[in-house]
Protein chains: 2
Amino acid sequence: MRIGELARRAKVSTRALRYYEEQGILSSERTPSGQRHYPESAVDRVRLIQQLYAAGLGSRMIASFLPCVDAKHAEPEMVERLRAERARITASVAELQEAGRRLDLLIELAAYPGRRRCPASLDEQSRTATG
Amino acid sequence: MRIGELARRAKVSTRALRYYEEQGILSSERTPSGQRHYPESAVDRVRLIQQLYAAGLGSRMIASFLPCVDAKHAEPEMVERLRAERARITASVAELQEAGRRLDLLIELAAYPGRRRCPASLDEQSRTATG
DNA sequence: GTAAAACTTGACGTTGACGTCAAAGGCAAA
DNA sequence: TTTGCCTTTGACGTCAACGTCAAGTTTTAC
């Protein structure tokens, strides 16, 4: 398929697809006239790329990981980097969840100002005593 | 306390603190000579700000939320915005977790190429049948 | 009293993942 | 063949949360 169809199906812009190619994380065949052609698998590949971006990985990191995805193999050093990124994601999930709890608390207080049962302030950490 | 101490205690740069003030999300008293002075509570406030940044909120959004944190009250419209952000965070946690699972799978395959028991490819969504 | 450390404002630089033209060429339908 | 959409490369623009440098002032330490 050509770039426009891939863009629609993967729900990204054509600009993004060209950018991915520029960054070495998405390849394409070229017709004699120079137009890009992609296989069906490119749709899933682009979705994977988007997911990794959403997980906070940069282009370089993704570029270094994708070959392992295809080879289903990696050197120990690479495995370590994978684990490190995995840990980063875990930490970042925890941060997000805590921010979520804080927002929940705020919503509860803000929406139902009369019913406040929880004595904890939003400015204080309810589970740690060390200011 | 002055800006340097707050920066150390909240683990951000002084530049960041001045930036927050510029964005209207952190206030300070000024000594006659113009130096900023912060109360103890500023440490927690900065941590809250950082958490909201980490949760993907921008300065404007944070600026609009903080007054509610202090007032412990918000107009219905604001409560809706809070809920919307909360939903965004929930979605983003789910995304992160899925990326995490994909990385786990990749690590498993890459680190122990002999033991592959799982037939699912990393390019395919194991829980959805619609390619 | 003096030197070092901390502080001030101002302003330009950085980074990443694209957006947005612009000018030109490619391709299927009528 | 013409119409009209699709695609190409190139290059500048954007936005946010700061980093960094400059040049001057204030506070602290000795």
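Source: prediction; values computed, not measured. Below, read A as the first sequence line, B as the second, and so on, with proteins coming before strands; counting in each chain starts at 1.
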Measure NE2/B/His37 against C1'/C/dT8 and give the value in whole Å, please.
14 Å
Nearest-0.5 Å distance, CG of residue A/Leu48 to CG of residue A/Asp44
8.5 Å
By nearest atom, which of the nucleotides C/dT8, C/dG19, D/dC18 is closest to the B/Arg18 side chain?
C/dT8
Rounded to the nearest angstrom, tell me the gap between atom CG in A/Leu6 and atom P in D/dC6.
15 Å
Side-chain donor-acceptor pair present, A/Gln51, B/Glu95, cut-off under 3.5 Å
no
Please name the pair of heavy atoms, one in A/Val46 and one in A/Ala10, separated by the smallest distance, quoted to 0.1 Å.
CG1-CB, 3.5 Å
Thinking salt bridges, do B/Glu108 and A/Lys72 make one under a 4.0 Å N-O criterion?
no
Return the residues of residues 24-32 of chain A meeting this criterion: a heavy atom under 4.0 Å from some atom of DNA chain C. Order them by number, or give none.
none
Show each protein N/O and nucleotides 14-17 of chain C N/O combination with a separation under 3.5 Å, one pair to a line.
from	atom 1	to	atom 2	distance (Å)
C/dA17	OP2	A/Tyr19	OH	3.3
C/dA17	OP2	A/Ser59	OG	2.8

To the nearest Å, give me how far apart CE (A/Met1) and P (D/dT7) are.
12 Å
Under 4.0 Å: is that the gap between some side-chain N or O of B/Arg36 and OP1 or OP2 of C/dC7?
no
side-chain N/O A/Ser33 vs D/dT8 OP1/OP2, d < 4.0 Å:
no
What protein N or O atoms touch nucleotides 20-22 of chain D N or O atoms at under 3.5 angstrom, if any, and at what distances?
from	atom 1	to	atom 2	distance (Å)
D/dT20	O4	B/Arg15	NE	3.1

Within this structure, what is the CD-to-P distance between B/Gln50 and D/dC18, rounded to whole angstrom?
6 Å
Assign each of B/Arg2 and B/Thr14 the nucleotide of DNA chain D bearing its closest heavy atom; nearer the 5' end lies the nucleotide of B/Thr14
Whole Å only: how far is the CD1 atom of B/Ile3 from the C1' atom of D/dT25?
15 Å
Do the side-chain N and O atoms of A/Thr90 and A/Arg86 include a donor-acceptor pair separated by under 3.5 angstrom?
yes
Which ring pair (Phe, Tyr, Trp, His ring centres under 6.0 Å) pairs, counting each pair once, include a residue from residues 79-110 of chain A, with sequence neighbours left out?
none
Could you tell me whether A/Asp70 and A/Arg45 have a side-chain N and a carboxylate O separated by less than 4.0 Å?
yes
Any salt bridge between A/Glu5 and A/Arg8, counting N to O under 4.0 Å?
no
Using the test side-chain contact (heavy atoms from CB on, under 4.5 Å), find all partners of B/Glu21 that sit at least two apart in sequence or belong to another chain.
B/Ser28, B/Arg30, B/Arg36, B/Tyr38
Give every donor-acceptor pair under 3.5 Å between a side-chain atom in residues 54-65 of chain B and any protein atom, sequence neighbours left out.
from	atom 1	to	atom 2	distance (Å)
B/Ser59	OG	B/Tyr53	OH	2.7
B/Ser64	OG	B/Met61	O	2.7
B/Ser64	OG	B/Arg81	NH2	3.3

Non-hydrogen side-chain atoms of B/His73 and A/Leu109 separated by less than 4.5 Å
no
